[in-house]
Amino acid sequence: MRKNSIYLIFLIFCNHTIFSQDLKPEYQKFVKSFMTNVKSNNKAGVAAFISFPLGRDYPIPSVKNKADFIKRYDQIFDATLKNKIIKSNPAKDWTEMGWRGIMLLQGDIWMDTDGKVITINYQSQAEKNQKNKLIASEKGKLNPAIATFKASVCILETSKFRIRIDDLGNDNFRYASWSIKKLMSDTPDLVITNGKDISDGSGGNHHYEFKKGNFTYECAIILIGTSDSPPATLTIYQDGKEILTQNAKLVLK
């Protein structure tokens, strides 16, 4: 959901140039069924299309299962998102993006080629309000050294490290890390600012890059991947040479 002009131009180019052909009929079939369930406000029917857990913007909890989805349906599927879905043209507005799956419009929703919704990038006002409340509550539980930020981005956990990434504003991201046994109320073992958020193509995959001396720390977020792709990875380079890489899970409390 980053508003990067180059990224948006690339998406538009892909939509109207490379992927200008109509969506395949076999894909249109399940897209139409999904649209019908949204139009009739059949929450259980829509839930059948969702691949759980369904991630939401940190620190909003992920949607764990069908029951959780139905409970939160109106918060996620507000009038704006439902209208985007209902008024969309299955052949023209849903675009196959190769291995990444099928996207609605500029990536508001992503489906895999089996008809399962794997990502909802759209965020309702209700979720934005919830996110702000959770961030305010979270700040009081952090070590004072990192309790100031514009927005929390994500937390990654590898087998050895706990990593927190925060947006400090003005395209400045902060990396804070602890050993996995420590808490975020403890003093971080490492803090790096002036990090960058770098897009890795049209699927929403991206990575955060942080530099300290001759070391580069790269945290990749994998939204659209293969069946064996981890949710995230941590890679550390020294003088441009990879010295460590670990799979990571995204912590969504």
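All values derive from a computational prediction rather than experimental measurement.
The main-chain N or O of Ile120 is found under 3.5 Å from a side-chain atom of Arg56 such that the two form a donor-acceptor pair. Remark: the backbone N or O of Lys116 is not paired with any side-chain donor or acceptor of Asp114 at under 3.5 angstrom. Between the side chain of Trp178 and the backbone N or O of Asp186, at least one donor-acceptor pair lies under 3.5 Å. Panel note: side chain Asp78, backbone Leu81; a donor-acceptor pair is recorded below 3.5 Å. At least one donor-acceptor pair under 3.5 Å links the side chain of Ser124 to the backbone N or O of Gln75.
A salt bridge is absent between Glu209 and Lys196; no separation between the charged side-chain nitrogens and carboxylate oxygens falls under 4.0 Å. Ion pair Lys43/Asp74 flagged as a salt bridge, since at least one NZ, NE, NH1 or NH2 atom sits closer than 4.0 Å to an Asp/Glu carboxylate oxygen. Under the 4.0 Å criterion applied to side-chain N and carboxylate O atoms, Asp167 and Lys150 are not assigned as salt-bridge partners.
In this structure, OH in Tyr27 is found 14.5 Å from CG in Asp22, a value given to the nearest 0.5 Å. To the nearest 0.5 Å, the span separating CG on Leu54 from OG1 on Thr119 amounts to 7.5 Å. In this structure, Tyr58 OH and Ile165 CD1 are separated by 11.5 Å, a value rounded to the nearest 0.5 Å. The distance from the CG atom of Leu23 to the CG atom of Asp93 is 10.5 Å, given to the nearest 0.5 Å. Distance check, rounded to the nearest 0.5 Å: OH of Tyr175 to CD of Glu218 gives 11.5 Å. In this structure, the separation between CD1 on Ile198 and CD1 on Ile221 is 12.5 Å, given to the nearest 0.5 Å.
Exactly one of Lys131, Lys133, Arg164 qualifies for a salt bridge (charged side-chain N to carboxylate O under 4.0 Å, His left out) with Glu138. That residue is Arg164.
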Item to check | Derivation and outcome, side chain to side chain contact (heavy atoms under 4.5 Å, CB included), residues Lys182 and Asp189 | outcome: CA-CA 10 Å; Lys182 291 185 178 180; Asp189 299 319; 2.7 Å; yes
Checklist entry - Would Asp108 and Asn121 satisfy side chain to side chain contact (heavy atoms under 4.5 Å, CB included), going step by step from the backbone distance to the final call? => result CA-CA 5 Å; Asp108 296 281; Asn121 287 318; 5.8 Å; no
Checklist entry - Taking it one step at a time, do His207 and Thr235 satisfy side chain to side chain contact (heavy atoms under 4.5 Å, CB included)? => result CA-CA 10 Å; His207 69 273; Thr235 306; over 6 Å; no
Checklist entry - Given Ile192 and Phe215, is the side chain to side chain contact (heavy atoms under 4.5 Å, CB included) satisfied, shown in steps? => result CA-CA 11 Å; Ile192 311 172; Phe215 290 90; over 6 Å; no
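Between Ser177 and Ile163, the shortest heavy-atom distance links the atoms CB-CG1, 4.1 Å. Looking at every heavy atom in both residues, Asn172 comes nearest to Asn194 through OD1-N, 2.7 Å. When every heavy atom of Leu104 is checked against every heavy atom of Ser88, the shortest pair comes out as CD1-CB, 3.7 Å. In this structure, Ala44 and Ile70 approach most closely via the heavy-atom pair CA-CD1, 4.1 Å. When all heavy atoms of Ser185 and Lys141 are compared, the closest pair comes out as CB-O, 3.6 Å. In terms of heavy atoms, Phe52 sits closest to Lys64 at CB-O, 3.4 Å.
Both Met35 and Phe69 are members of a single hydrophobic cluster when ILVMFWY side chains are connected at heavy-atom separations under 4.5 Å. Cluster membership check: Ile146 does not share its hydrophobic cluster with Leu183, using side-chain heavy-atom separations under 4.5 Å among Ile, Leu, Val, Met, Phe, Trp and Tyr. Put simply, Leu234 and Ile180 are part of two different groups of oily side chains (I, L, V, M, F, W, Y) that touch within less than 4.5 Å, one to the next. Cluster membership check: Ile222 does not share its hydrophobic cluster with Val153, using side-chain heavy-atom separations under 4.5 Å among Ile, Leu, Val, Met, Phe, Trp and Tyr. Note on Leu156 and Leu190: same hydrophobic cluster, where clusters join Ile, Leu, Val, Met, Phe, Trp and Tyr whose side-chain heavy atoms are under 4.5 Å apart, directly or indirectly.
Between Phe34 and Phe30, the gap from one ring centroid to the other reaches at least 6.0 Å.
Met111 has its side chain within reach of Val31: a pair of non-hydrogen atoms, C-beta onward, lies under 4.5 Å apart. Contact annotation: the side chain of Ile60 approaches that of Gln123 to within less than 4.5 Å [non-hydrogen atoms, C-beta and beyond]. Between Pro61 and Arg72 there is a side-chain heavy-atom pair separated by less than 4.5 Å.
For Lys82, the NZ atom counts as densely surrounded, since its 6.0 Å shell holds more than 12 non-hydrogen atoms of other residues, nucleotides or ligands. Heavy atoms from other residues, nucleotides or ligands lying under 6.0 Å from CG of Asn170 number 12 at most.
The side-chain tip of Lys139 points at the ring of Phe149 from less than 6.0 angstrom away and within 45° of straight on.
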